[in-house]
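Can you keep this structure in mind? I'll have questions shortly.
Remember, it's a predicted structure, so these values are computed and weren't measured experimentally. Chain naming here is simple, since letters A, B, ... match the order of the sequence lines and numbering starts at 1 in each.
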Number of protein chains: 2
Amino acid sequence: MSRPTIAGVARAAGVSVASVSRVLNGLPATDEMVERVQRAVAELGYVPDARARSLKVGRTFQLTLAVADIGNPVYVTRMRAVEEVVSAAGYRLVVTATGPEVADEIALVRGMARGYADGLLISPIRVNDDLMKSIRECEVPVVVVGDVAAKAGVDTVRANSPKGVLLAVEHLVDRGRTRIAFLNGPTDTVPGAARAKGFADALNEHGLEPVAVVEANDFTFAAGRTASLELLKSGVGPEPRSGGTTAASRAPGVDAERGAPGSSRPGGRAAAGSSRPGVTAPAPSSRPKGGFDAVVCANDLLAVGLMHELAAVGLRVPEDVAVVGMDDSELAEQSFPPLTSVNLGSAERGRRAAELLLARIEDNDRAPRRIVVQPSLTVRRSTP
Amino acid sequence: MSRPTIAGVARAAGVSVASVSRVLNGLPATDEMVERVQRAVAELGYVPDARARSLKVGRTFQLTLAVADIGNPVYVTRMRAVEEVVSAAGYRLVVTATGPEVADEIALVRGMARGYADGLLISPIRVNDDLMKSIRECEVPVVVVGDVAAKAGVDTVRANSPKGVLLAVEHLVDRGRTRIAFLNGPTDTVPGAARAKGFADALNEHGLEPVAVVEANDFTFAAGRTASLELLKSGVGPEPRSGGTTAASRAPGVDAERGAPGSSRPGGRAAAGSSRPGVTAPAPSSRPKGGFDAVVCANDLLAVGLMHELAAVGLRVPEDVAVVGMDDSELAEQSFPPLTSVNLGSAERGRRAAELLLARIEDNDRAPRRIVVQPSLTVRRSTP
DNA sequence: TTGTAAGCGTTATCAT
DNA sequence: ATGATAACGCTTACAA
């Protein structure tokens, strides 16, 4: 026997389907009616069909959260926050993973027209006009978490990345580090571009020259390691190229634990650093002596990748190199040493975005809002 | 103007709704018909309503993956694997997070009757009869990833935890460690119980006595730290209680970096260890001298938590204490030192489970299958 | 307060 | 091959 429908319940209770529906939806009915219906429902184990219901009422009471990479720990914080406000409002949250491609995201946004959910929360990594167009034309309300053009006329909640990078740089300067490198993610992404600019501005503001800027292929641990290798090989390592005692020589018993990939390179490549693909170093004349003593990383995964490579060549964090990450994800506290990280308000952004989405579902005519969440710095042990 | 329906397309194309439906579903039609319909569809930007469709055909072409804790990195591996086979089969994967409570999971399983999806993939942390009952009675096919009673008559894909623990112990013994402690998660959970038994058996097989068994409140990083503190305080630390030179005294420059919580306890509590809640230590007579030189952890998060506390009291991994985790999640390679971990086949289990689910959707009468995925050990640097 | 019936957007059956 | 029409399971006017 198949699943009971409202008709079956009505028959079993000896009432009309309309009455069953009313009781189920808490509309006025006599006590006896309620009683009879509830008994029948319990007896048959009836559960209303959400599809039929939503087909009729035009709402699914589901909200979709689209994330590009479930593997990034920054999303778990966000998901938890979103889930909280969404379920408090009586909605179900469903999470779907889009790939890293813009096309995947466009397909997802377009697909919302199929009626899967009443609204969409999306944080695009890469953005182009087609994506913005599909978002604007989406059948259901969309709020985007991330920095997209204001003219888009869509609700957004974004972080203040430049300010975040500034906090990182200020903290480092505060702790006496001025030879600062930057390990970024791909700059053809929204966060990558924002952070690149933020870093340039922040250094500028402090009258500093960037020691090196490396761009990882992706915002992942693996990409972070690869890029860090480049950073170390690029000739702007922390060892001074002439005399001076640096921390590196004071790290006994740590640097010998593993073959140090960075140090097994052919010697004398220092000068070639700036011509390496993916690595941008200032002209030798303006480059500070002694390479970097601190690295700002565009996210925590990259930072952890970097710390692994630093350890591999016997450099200590924070003594030799201070490292600060961004996102302040769970990984930051789990890493060793625990990572000083810029909290870009991932949870807060999720919460606000969810609220915006709910508000727009209530009233689709309200003017688009653009919320920006301010960053803060969580100091842990990866900086002095 | 609202979303176009199939009727609108029919009108625009000057044909019947039935014809539109046919063209859209690839049923036979003249070239001209196809042409006209497709033009109208493109013109109006028509997208079929999935709810109406699934109401009619009885299938949603969506599959639900329920996870208890999105924060656990073991799930990202699993999700990726599941997503791959599911989308290859033309289904959409939606992920929903249940809480840690059995009640949440029961609610979710029951809720499937609402028609959200065609099948459910669930890995319950805690299991009771009610949950199994709801799974058995679920309106849609369910496959459970995890170890549940065979009599349940449901498709399952499980890991071989005991074998996994055995691999860990064998590896440690192989590397000369015999004073092995166990950091487990809650034993009222499925994996917790399985791993507890596995540890006892594994030690038995090697003629070893457990040095200590600690049970964390949860399979999380935070719980791992708390429990590790207990492990260290319980009096079965690696320092010998009488004479002898241990590794702890050979760790210069590492142990002073942070106030060592474990060592600030009131002295002379060693004997009280076995009476501490949550800590089970063998009777003093049978306890090996010198405490543990290795710890097996029930998952990677617990292991990382432990490593933090070990570092805090100046113990080196793996020199002083070898640590092995379980799950071989992304965190294992990201942790420092990289964690030797038992690969319980998380991805493989996800893949097989998804296949089982698809097969059962095809044919609901097939006999329930119980697949077990064998573990392997990934050796990294947290063991000598 | 309760029942009857229309209709949400599809697909599928039946004629044509 | 195409068109009219009856479901799918529910909610909601409208009538009684």
Side-chain angles (χ1 to χ4, degrees), chain A residues 1-41 44-62 90 111-118 139-140, chain B residues 1-38 40-41 44-62 111-118 139-140:
Chain A
M1 114 222 161
S2 181
R3 217 174 120 175
T5 75
I6 200 174
V9 175
R11 210 175 314 119
V15 300
S16 75
V17 292
S19 297
V20 176
S21 175
R22 275 189 220 103
V23 170
L24 260 30
N25 292 301
L27 296 176
T30 58
D31 287 358
E32 202 217 314
M33 175 63 82
V34 172
E35 163 68 19
R36 292 175 68 172
V37 169
Q38 287 184 338
R39 192 204 313 286
V41 164
L44 299 177
Y46 168 76
V47 177
D49 185 314
R51 294 166 300 187
R53 177 168 211 280
S54 78
L55 181 59
K56 184 64 187 155
V57 303
R59 298 177 68 167
T60 62
F61 292 94
Q62 294 201 158
M112 293 306 290
R114 293 172 183 277
Y116 292 127
D118 299 338
E139 294 299 330
V140 300
Chain B
M1 119 218 161
S2 180
R3 218 175 118 174
T5 74
I6 200 173
V9 176
R11 209 175 315 121
V15 301
S16 73
V17 292
S19 297
V20 176
S21 176
R22 274 188 223 104
V23 170
L24 259 31
N25 292 298
L27 296 175
T30 58
D31 287 357
E32 201 217 318
M33 175 64 81
V34 172
E35 162 67 19
R36 293 175 67 170
V37 169
Q38 287 183 338
V41 163
L44 299 179
Y46 167 76
V47 178
D49 185 313
R51 294 166 302 189
R53 176 167 213 282
S54 78
L55 179 60
K56 185 62 186 155
V57 303
R59 298 178 69 169
T60 62
F61 291 95
Q62 294 201 160
M112 293 306 290
R114 293 173 182 277
Y116 291 128
D118 298 340
E139 294 300 331
V140 300

Backbone N or O of A:Ala13 within a donor-acceptor pair of the A:Arg36 side chain at under 3.5 Å?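 The answer is yes, because a donor-acceptor pair under 3.5 Å joins these two groups.
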Please list residues of residues 19-32 of chain B whose heavy atoms come under 4.0 Å from any atom in DNA chain D, ordered by number; otherwise none.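 The answer is B:Ser19, B:Arg22, B:Ala29, B:Thr30.
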For C:dG9, take OP1 and OP2 only and decide whether either is under 4.0 Å from a side-chain N or O of B:Thr5.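 It does not, given that no N or O in the side chain of B:Thr5 lies less than 4.0 Å from OP1 or OP2 of C:dG9.
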Flag the pair A:Tyr46 / A:Ile6 as yes when at least one side-chain heavy-atom distance between them is below 4.5 Å, and no otherwise.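 They are in contact (side-chain heavy atoms under 4.5 Å apart), so the answer is yes.
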Taking C-beta and beyond as the side chain, do A:Val41 and A:Leu24 meet within less than 4.5 Å on heavy atoms?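 Touching, per the 4.5 Å side-chain cut-off.
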In whole Å, what is the span from the CZ atom of B:Arg3 to the C1' atom of C:dC8?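 Checked: the CZ to C1' distance equals 11 Å.
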Would you sort out whether B:Asp49 and B:Thr5 count as a side-chain contact (heavy atoms from CB on, under 4.5 Å), showing the intermediate values? CA-CA 8 Å; B:Asp49 185 313; B:Thr5 74; over 6 Å; no
I want to verify a distance call: between C:dG7, D:dT5, C:dG3, whose nearest atom is closest to the A:Lys56 side chain?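 Nucleotide nearest to A:Lys56's side chain: C:dG7.
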Check whether any side-chain heavy atom of B:Val140 sits under 4.5 Å from a side-chain heavy atom of B:Asp118, and report yes or no.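 A side-chain contact under 4.5 Å is absent here.
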Around atom CZ of B:Arg59, are there more than 12 heavy atoms from other residues, nucleotides or ligands closer than 6.0 Å?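 More than 12 heavy atoms, drawn from other residues, nucleotides or ligands, come within 6.0 Å of this atom.
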Pairwise side-chain contact, A:Glu35 with A:Asp31, heavy-atom cut-off 4.5 Å (strictly under):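 No, too far: nothing below the 4.5 Å cut-off.
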Could you state the atom-to-atom distance from CD of A:Glu35 to P of C:dT2 in whole Å?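 That distance rounds to 13 Å.
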Which whole-number value in Å describes the distance from A:Phe61 CZ to D:dC10 C1'?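 The distance from CZ of A:Phe61 to C1' of D:dC10 comes to 14 Å, rounded to the nearest Å.
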Let's see if you get this right: which residues in residues 47-54 of chain A place a heavy atom under 4.0 Å from DNA chain D?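 A:Pro48, A:Asp49, A:Ala52, A:Arg53 - these, ordered by number, are the residues of the stretch whose heavy atoms sit under 4.0 Å from the strand.
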Check the distance between D:dA7's P and B:Leu55's CG and give it to me in whole angstrom.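 B:Leu55 atom CG is separated from D:dA7 atom P by 14 Å.
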Can you measure B:Arg36 atom CZ to D:dA1 atom P for me and round it to whole angstrom units?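 Computing the B:Arg36:CZ to D:dA1:P distance gives 17 Å.
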With the side chain counted from C-beta on, respond yes when B:Pro48 and B:Arg53 share a heavy-atom pair under 4.5 Å apart, and no when they do not.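 SC-SC contact between B:Pro48 and B:Arg53 ruled out.
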Considering only D:dG9, D:dT2, C:dT10, which nucleotide approaches the side chain of B:Met33 most closely?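 It is D:dT2.
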For B:Leu44 and C:dG9, give me the distance from atom CG to atom C1', rounded to whole Å.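 For the pair B:Leu44 CG and C:dG9 C1', the rounded distance is 15 Å.
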Is there a side-chain contact between B:Pro28 and B:Arg22 in this structure, where contact means two heavy atoms from C-beta onward sitting under 4.5 Å apart?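 Heavy-atom side-chain distance check fails, nothing below 4.5 Å.
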What is the distance from CZ of A:Arg114 to P of C:dC8, rounded to the nearest Å?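 Checked: the CZ to P distance equals 21 Å.
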